[in-house]
Amino acid sequence: MVSMASNAARIAIIGMGHVGSTSAYALMLRALVSEIVLIDSNTALAEAEAADIADANALARPAHIWAGTYQDAATASIAVIAAGAATHGNESRLSVLSRSAVIVGACVDSLSKAGFVGIILVAANPVDIMTQIAFRKSGLAAKRVIGTGTLLDSSRLRQALAMKLDVAPAALEGLVLGEHGDSEVAAFSTVRVGGLTLEGFANDGEPFDHDALAKDVREAGYLIVSGKGYTSFGIATAVVRICEAIIRNERAILPVSTFLTGEFGIADVFLSLPCILGSGGVERILLPDLSAEERGALRRSAEVIRQAVATLDDRP
Ligand SMILES: NC(=O)c1ccc[n+]([C@@H]2O[C@H](COP(=O)([O-])OP(=O)(O)OC[C@H]3O[C@@H](n4cnc5c(N)ncnc54)[C@H](O)[C@@H]3O)[C@@H](O)[C@H]2O)c1
C-alpha cells in the first residue's frame with residue numbers, strides 16, 4: 001500500500017447512479033472543492049456524468065470534474081461511497097445488505113490499495129452496516145469513517161415539524177437517531193423551537209400525534225421511491241453538507257453514523273448520534289438528554305443493526 005497525503009481541494013465520488021451523480025452536481029454548485037473525481041465500474045457512465053456536470057462549468061462555479069481511477073481518488077480528502085444495491089418498491093434497506101456489502105467491500109479495497117488516507121463518507125444502504133464494513137476493511141481510524149446516517153431523516157423530521165408548527169425548518173432543531181432505517185428513533189425530546197421544547201411551543205396549538213409524525217418521517221423514503229423509483233436530492237444534500245463541515249473544519253453538529261464504544265451502553269456498531277464534525281472527521285460524539293423511552297428505542301435499534309451484521313457470511 002502506498003500512503004499519500006490527502007488533497008483538501010479534491011473529493012472523490014464512487015458510484016455514479018442517482019445518489020452519486022446528484023451528489024457530484026450538488027457539490028459542484030456549492031463550490032466547495034476545485035476537483036471532483038467520479039468513479040463507477042461502468043466507466044462510460046462516469047465519463048458521461050462528468051461531461052454533463054462539466055457542461056455547467058461556464059455558467060456555475062468552475063471545478064475540474066473528470067471520470068477517474070482509484071489512483072486519482074487516493075489523494076482526495078474525502079471519498080464518498082455511493083455505490084451500492086438500490087432498493088426498489090417496498091424493499092427495506094436491510095434487504096439489500098449482502099449485495100451492497102460486496103460492492104462497498106470492493107470499493108474500499110480499491111481505495112486502500114491505492115493508498116487512500118482521507119475520510120470515507122458512506123451513503124450506500126444499509127448505511128450503518130456499510131459504514132462498519134468500510135471501517136473494518138479500510139483500517140482507518142473510526143473517526144475517519146462516517147455514514148450519512150440519520151442526517152437525512154432528521155432533515156425530514158424538521159421539515160415535517162416545520163409544516164405542523166408553521167415555522168421555517170431551519171428555525172427548529174430535532175434529531176432522528178439510531179439506524180437509518182425502520183428502527184430509527186425520532187427523538188422528540190431533542191426538539192427545540194426558539195429555545196422552547198415541543199410541548200412548550202405547541203401549548204396553544206392542536207396537540208399532534210408524535211407516533212404518526214415519526215411514521216411519516218420513517219416512511220418518507222419509501223414514498224419517494226414508489227413515485228420516482230429512487231431518492232436523490234435529499235441524500236445528495238446531506239452528503240454535501242457533511243463534506244462541507246469537514247472541508248471547512250466547521251465543528252458543525254450533525255447526526256451521522258459513527259462507531260460507538262459504550263455510548264448509551266451501546267458498543268461495536270455504527271449508528272447515528274449527534275457528532276461534532278471537523279477536518280479530522282468525527283471530533284466528538286454527543287449524548288443528548290434522551291427520555292428513558294428513547295434510550296430504550298436506541299438500544300433496540302442498535303440490536304437490529306447488530307443482528308443484521310451477524311447475518312453477513314463474512315463478518316466485516
Ligand atoms: N443513505 C441514504 O439515505 C440513501 C438514500 C438513497 C440511496 N441510498 C443508497 O445509495 C446507493 C446508491 O443508490 P442509487 O439510487 O444511486 O443506485 P444506482 O443503482 O442508481 O447506482 C449505483 C451505481 O453504483 C455503481 N457500482 C456498482 N458496483 C460498483 C463498484 N464495485 N464500483 C463502482 N461502482 C459500482 C453502478 O454501476 C451504479 O452506477 C444504494 O445503496 C442506495 O440504497 C442511500
Side-chain angles (χ1 to χ4, degrees), residues 1-17 19-21 23-25 27-28 32-51 53-54 63-85 99-125 127 129-148 236 239-240 242-244 246-247 256-259 270 277-282 312 314 316:
M1 184 187 95
V2 197
S3 181
M4 305 184 192
S6 58
N7 179 348
R10 181 178 296 181
I11 290 180
I13 304 183
I14 303 165
M16 269 303 109
V19 174
S21 58
S23 298
Y25 178 59
L27 204 55
M28 183 275 288
L32 197 58
V33 286
S34 54
E35 299 180 350
I36 306 171
V37 55
L38 310 182
I39 297 177
D40 197 288
S41 48
N42 179 347
T43 45
L45 175 66
E47 279 163 13
E49 292 295 4
I53 298 170
H64 180 207
I65 298 157
W66 76 104
T69 62
Y70 282 95
Q71 216 51 52
D72 296 319
T75 54
S77 54
I78 303 174
V80 177
I81 301 188
R99 276 182 289 147
S100 265
V102 173
I103 296 172
V104 171
C107 297
V108 175
D109 281 345
S110 301
L111 273 175
S112 299
K113 267 197 206 117
F116 178 80
V117 291
I119 289 173
I120 295 180
L121 173 59
V122 181
N125 272 326
V127 72
I129 301 166
M130 294 307 110
T131 313
Q132 183 150 357
I133 289 174
F135 168 57
R136 297 254 166 94
K137 281 197 170 268
S138 68
L140 292 170
K143 65 183 291 198
R144 302 184 75 79
V145 186
I146 304 167
T148 53
V239 164
V240 172
I242 295 167
C243 289
E244 185 177 44
I246 294 168
I247 294 281
V256 291
S257 191
T258 191
F259 188 60
F270 275 74
L277 290 180
S279 56
V282 170
L312 284 174
D314 267 339

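Values in this document were obtained by computation on a predicted structure and should not be read as measured data.
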Scanning both residues in full, the closest heavy-atom pair of R144 with S279 reads NH1-O, 4.5 Å
Apply the side chain to side chain contact (heavy atoms under 4.5 Å, CB included) test between I247 and each candidate in I119, I11, L27; give the one that qualifies.
-> I11
Pick one: which of V240, I246, V239 meets side chain to side chain contact (heavy atoms under 4.5 Å, CB included) with I242?
-> I246
N125 backbone acceptor or donor facing S100 side chain under 3.5 Å | yes
Quick one: are V37 and W66 in side-chain contact, heavy atoms under 4.5 Å?
-> yes
Under 3.5 Å: donor-acceptor pair, side chain of R10, backbone of D72 | yes
Interatomic distance, F135 atom CZ to I146 atom CD1 [nearest 0.5 angstrom] = 12.5 Å
Closest heavy-atom pair and its distance - A83, V104 | O-CG2, 3.6 Å
A24 and L38: which non-hydrogen atoms are nearest, and at how many Å?
-> CB-CD2, 3.7 Å
Verdict with supporting geometry, L111 and I14, side-chain contact (heavy atoms from CB on, under 4.5 Å) = CA-CA 10 Å; L111 273 175; I14 303 165; 4.0 Å; yes
Any side-chain heavy atom of T148 within less than 4.5 Å of one from L121?
-> yes
Ignoring hydrogens and geometry, is there a side-chain-to-backbone donor-acceptor pair from N42 to L45 under 3.5 Å?
-> yes
Tightest non-hydrogen contact, residues V127 and G147, listed as CG2-CA, 4.2 Å
So do I133 and L312 actually touch side chain to side chain, heavy atoms under 4.5 Å?
-> yes
Contact summary for S138 and S112, nearest pair of heavy atoms | CA-OG, 3.7 Å
Backbone of Y70 reached by a side-chain donor or acceptor of S110 within 3.5 Å | no
Any chance you could measure I81, atom CD1, to I39, atom CD1, to the nearest 0.5 Å?
-> 10.0 Å
Interatomic spacing from CZ in F270 to CZ in R136 - rounded to 0.5 Å = 8.0 Å
Where is the tightest heavy-atom contact between A63 and V33, given as atom of each residue plus distance?
-> CB-O, 3.9 Å
Got H64 and I36 here, is their nearest side-chain heavy-atom distance under 4.5 Å?
-> no
In Å and rounded to the nearest 0.5 Å, what is the CD1 to OH distance from I65 to Y25?
-> 10.5 Å
Looking at I13, L277, L32, which hits side chain to side chain contact (heavy atoms under 4.5 Å, CB included) with C243?
-> L32
From F116 atom CZ to S77 atom OG, the distance as rounded to the nearest 0.5 Å = 7.5 Å
